[in-house]
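Step one of this worksheet: look at the structure below.
Worth knowing before you read on, the calculation uses all heavy atoms, side chains too, and leaves out hydrogens, waters and symmetry mates.
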Amino acid sequence: VGGDRLYATLLGLPGSRHIVLRAVAADALREVELMGTDTPVEWSVRDGSLSVSLPHRLPVQPAHVLRLTPASELRSLAVGAPDGHSGLRV
């Protein structure tokens, strides 16, 4: 969390262009951006989780970062799920 924004780091090239962030209270987001590119990302909120569609072409780099801007206060939930898996599902 940085200031009034939350940053999600995706390591490597994702196996799919559709990702779901379950560990974020996403119901009050104003904007989702892929850092380092001007290409807009499509996103939606379903059942309290953030669903993001990444651009078809991503630059080859060690990591990609999503910047999440809330409409008001953004709450970060537990990083790991109770089943031992991360909150990121690809």
Side-chain angles (χ1 to χ4, degrees):
V1 177
D4 61 346
R5 295 185 175 108
L6 178 70
Y7 296 87
T9 303
L10 310 172
L11 299 177
L13 287 172
S16 170
R17 38 176 309 262
H18 304 286
I19 61 169
V20 176
L21 296 174
R22 296 182 293 158
V24 176
D27 52 343
L29 286 177
R30 181 182 62 199
E31 185 175 30
V32 176
E33 300 168 89
L34 180 61
M35 302 297 293
T37 180
D38 293 332
T39 306
V41 295
E42 295 179 25
W43 61 278
S44 62
V45 176
R46 293 186 187 126
D47 299 324
S49 295
L50 175 63
S51 178
V52 179
S53 295
L54 298 171
H56 289 284
R57 292 187 177 196
L58 289 173
V60 176
Q61 54 192 43
H64 296 87
V65 178
L66 295 172
R67 178 168 58 189
L68 314 177
T69 304
S72 57
E73 180 181 334
L74 185 67
R75 295 179 294 127
S76 177
L77 302 177
V79 173
D83 60 4
H85 296 93
S86 71
L88 174 64
R89 182 173 43 127
V90 177

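- A search for side chain to side chain donor-acceptor pair (under 3.5 Å) contacts involving R17 returns nothing, not counting sequence neighbours.
- Side-chain atoms of R22 and S49 form no donor-acceptor pair, as typed in the model, at a separation below 3.5 Å.
- Contact detail for S16 and L54: the closest heavy-atom pair is O-CD1, 4.4 Å.
- Identified under the salt bridge (charged side-chain N to carboxylate O under 4.0 Å, His left out) test for residues 39-53, with sequence neighbours left out: none.
- Closest non-hydrogen pair, W43 versus L50, comes out as CE3-CD1, 3.6 Å.
- The two residues V41 and S53 come nearest to each other via the heavy atoms CB-O, 3.7 Å.
- The nearest pair of heavy atoms linking L11 to A63 is CD2-CB, 4.1 Å.
- Taking P59 as the reference, Q61, H64 meet the side-chain contact (heavy atoms from CB on, under 4.5 Å) condition, with sequence neighbours excluded.
- Side-chain contact between V65 and L34: absent, with no pair of heavy atoms (C-beta onward) separated by less than 4.5 Å.
- You'll find the side chain of L66 stays beyond 4.5 Å of the side chain of T9, heavy atoms only.
- Within the structure, the side-chain hydrogen bond (donor to acceptor under 3.5 Å, both in side chains) test picks out the following pairs touching residues 28-38 (sequence neighbours left out): E33-R67, T37-T39.
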